[in-house]
Structures are given as structure tokens and as C-alpha cells.
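Presented below is the structure to which this report refers.
First the proteins, then the strands, lettered A, B, ... as listed; each starts at 1. Just so we're clear, the structure is a prediction, and the values are computed from it rather than from any experiment.
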2 protein chains.
Amino acid sequence: MNPEDPAAALVTGVLVALADPTRRQLLDLLADQGQATATTLAEGVPVSRQAVVKHLTVLDDAGLVEATRAGREVRYTVRPDALDTTARWMAGLADQWDRRLARIKRFAEAAERDDT
Amino acid sequence: MNPEDPAAALVTGVLVALADPTRRQLLDLLADQGQATATTLAEGVPVSRQAVVKHLTVLDDAGLVEATRAGREVRYTVRPDALDTTARWMAGLADQWDRRLARIKRFAEAAERDDT
DNA sequence: ATGCTGTGCAACTACAGAGTTGCACGTCGT
DNA sequence: ACGACGTGCAACTCTGTAGTTGCACAGCAT
């Protein structure tokens, strides 16, 4: 995954965002409620509103949530696209490893046959 | 994803492990070479051998690599299982969000029809 | 036996990020 | 106009972790 690749940057952001348990919890709440503000979300999580705001910023940068201004409040929504992309990337990586391992295994077996 | 769930712990470990770019690079090298030692891997990465060892420990705890002792050296191998599990978890989550969003959208449209 | 090479352990530095608090500003309802 | 509420900004603390260096120990070769 070359760092110049824009898709790579997206994946990195998603992984970093999901690595934090509080952020996963926030995503869970958001997906459940469909829409919520930072203040509301702070009630369902053991940290301050400001901490929630920071987490939401990270999630926004990762493309996992979307912020919409409505008067004096900001409503957040879940965005599945980035998550989906990352899931596909990961599945592809797992597949790649599987194939490489299979190739190496064939190699080892061939070498063994040559010995005996 | 409830924290008591053993599968959740596995997923968390994988996410944390993959969130670091150096660790992803190490996994790339490992998957490419099939097998390598910490000392060898340190040559392909811009950090010291000790740093590499620490990263490999994290990857091992996450179940992404396996360490095998061979005389005085320790050979590391990639393990696709944990990655595969996490990829599936993520795909499931993306799907879940999609369905929730679809449900909410229907809700909103129904409410709009009631208004007009 | 001795030197070379790969690991392991420990102490240390440094920086990023998770969290907090306090206050100022815009917005809504009355 | 005024109070209440939601948000934004800034400064600060603190812990975790990535990284380093130095040294001791174990295994291999000659």
C-alpha cells in the first residue's frame, strides 16, 4: 500500500479512527440513532462533550461520519462508504496473504521432494 | 461490539496493530518474503531492530504473525486468519450501517408524505 | 576456545493523542 | 431584550507508545 495512493490514506484514516474504543462506541450510538449531536452523544459515553467533539472530528476526517449544521446545533450521521472501502481492502489483503502462503507452501514441498 | 466478547478483543487488537504504518510495512515485507527475522526486517524499514521487535510483539499479540524459534534466530511468518476475521467483521458492520440508513430513509420519506 | 552474529532485557527520551476545564460566541424561545 | 442552550476555541495535564541506546546472553563457525 503505497503512501502516495489516495485510497491508502483513506484506509489509514479509517483504521486509526476504528482503533479507539470510544470512537467505535460513538459510531455504534450514531448508527443506532441515525442522527445525533455531540452534546447528546456525550450523554451516552463516559467522557466530556469536548472529548466527543474531538473524536467526531477524527471520524469526520476518516470519512466515517458527516456533519450537518442545523441552526445552532451540528448533527452527525454515519457514512458507510469509507468503512466499506476499508473492509474490501482488508479482505483483499487477507486473500493476498493466503495466496502467497500457498505458493510458499508449494515451494517447500517441491524442495522436500528434491531432497528425498 | 461488547468488550466481553473474545472475538471483539481479537478485532480490536488487529485494528490497533494495523493502525501503525510501520507495522503495515513490516507485514508487507513479511508477506512478501514469507519468512524473516527481526534483524533482517530492520534492514527494510527506517527504524532500529529493537523497534521492529516491539512491533512484531504487537503483531503477534494481535495474531497477525507467528514466531518460530530456529536455533539462535526467531523467524516470523504472516497469519491471515485474524486479518480475515476482522475483514469479515468490518464488512458486516458496513452492511449493518447500510441497512440502518435505509430504514431511517424510509422513515423520513414516510414523515414527508404525512406532511404533504 | 574464541570471535561473530542474533536475541533479549532494561532504562531512558520524546512526542502524539485522549481527556479535561474555562470562557467566549452564536442561536433559539419567550 | 434577555436568558438558556449548543458550539467553538484555547490552554493545560497526563498517559501510552514509538523510538533509541547500551549491555548481557545464547548459538554457530572455525
Side-chain angles (χ1 to χ4, degrees), chain A residues 1 3 8-30 33-77, chain B residues 1 3 8-9 11-30 33-78:
Chain A
M1 190 173 65
L10 186 139
V11 166
T12 302
V14 172
L15 289 174
V16 170
L18 289 181
D20 185 275
T22 304
R23 278 194 287 267
R24 283 200 303 270
Q25 202 180 340
L26 287 174
L27 285 172
D28 236 39
L29 289 172
L30 257 186
Q33 305 177 11
Q35 198 180 51
T37 68
T39 307
T40 303
L41 287 169
E43 293 169 9
V45 102
V47 296
S48 73
R49 173 186 63 94
Q50 283 302 331
V52 171
V53 170
K54 289 187 186 179
H55 283 306
L56 287 171
T57 304
V58 174
L59 291 169
D60 194 3
D61 290 347
L64 289 170
V65 303
E66 192 179 11
T68 312
R69 178 123 227 162
R72 75 179 149 184
E73 59 185 18
V74 179
R75 296 189 187 135
Y76 290 88
T77 322
Chain B
M1 191 172 65
V11 166
T12 301
V14 172
L15 289 174
V16 170
L18 289 182
D20 186 274
T22 305
R23 279 195 286 268
R24 283 200 303 271
Q25 202 179 339
L26 287 174
L27 286 172
D28 235 39
L29 289 171
L30 257 187
Q33 304 176 12
Q35 199 180 51
T37 68
T39 307
T40 303
L41 287 169
E43 294 168 9
V45 104
V47 296
S48 72
R49 172 186 64 92
Q50 284 300 332
V52 171
V53 170
K54 289 187 185 179
H55 283 306
L56 287 171
T57 304
V58 174
L59 291 170
D60 195 4
D61 290 347
L64 289 170
V65 302
E66 191 177 12
T68 313
R69 178 125 228 159
R72 74 177 148 184
E73 59 185 19
V74 179
R75 293 181 190 144
Y76 289 88
T77 321
V78 131

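- To the nearest 0.5 Å, atom CG of residue B/Leu41 and atom OG1 of residue B/Thr22 are 12.0 Å apart.
- Atom CG of A/Leu59 sits about 13.0 Å away from atom CD of A/Glu66, to the nearest 0.5 Å.
- The side chain of B/Thr39 lies closest to C/dG6 when the candidates are C/dT21, C/dG6, D/dT20.
- When each of B/Thr37 and A/Gly71 is assigned the nucleotide of DNA chain C with its nearest heavy atom, B/Thr37 is the one assigned upstream, toward the 5' end.
- Residue B/His55 places at least one side-chain N or O under 4.0 Å from the OP1 or OP2 atom of D/dG19.
- With rounding to the nearest 0.5 angstrom, the CG atom of B/Leu64 is 11.5 Å from the CG atom of B/Leu26.
- In this structure, A/Gln50 places its CD atom 16 Å from P of C/dC25, rounding to the nearest Å.
- A sub-4.0 Å separation between OP1 or OP2 of C/dG19 and a side-chain N or O of A/Thr22 is present.
- Following rounding to the nearest Å, A/Glu43 (CD) and D/dT7 (P) show an atom-to-atom distance of 11 Å.
- Put simply, CG on A/Asp61 is 12 Å from P on C/dA18, counting in whole angstrom units.
- Distance CZ (B/Arg69) to C1' (D/dC25): 11 Å, rounded to an integer number of Å.
- As a whole-Å value, the separation of B/Leu56 CG from D/dG19 P is 12 Å.
- The side chain of A/Arg72 sits closest to C/dT27 out of C/dT27, C/dT7, C/dG19.
- Here B/Thr68 contributes atom OG1 and B/Arg75 contributes atom CZ; the two are 8.5 Å apart, rounded to the nearest 0.5 Å.
- Residue A/Arg75 is classed as having no contact, given no heavy-atom separation below 4.0 Å to the nucleic acid.
- For a distance-only test at 3.5 Å, the side chain of A/Lys54 qualifies as a donor-acceptor partner of the base of C/dG19.
- If A/Arg49 and B/Tyr76 are placed on DNA chain C by their nearest nucleotide, the residue sitting closer to the 5' end is B/Tyr76.
- The line from CD of B/Glu73 to OG1 of B/Thr40 is 7.0 Å long, rounded to the nearest 0.5 Å.
- For B/Ser48, a side-chain nitrogen or oxygen approaches OP1 or OP2 of D/dT20 to under 4.0 Å.
- Proximity note for B/Asp20 (side chain, C-beta onward) versus D/dG6, D/dT21, D/dA18: the nearest is D/dA18.
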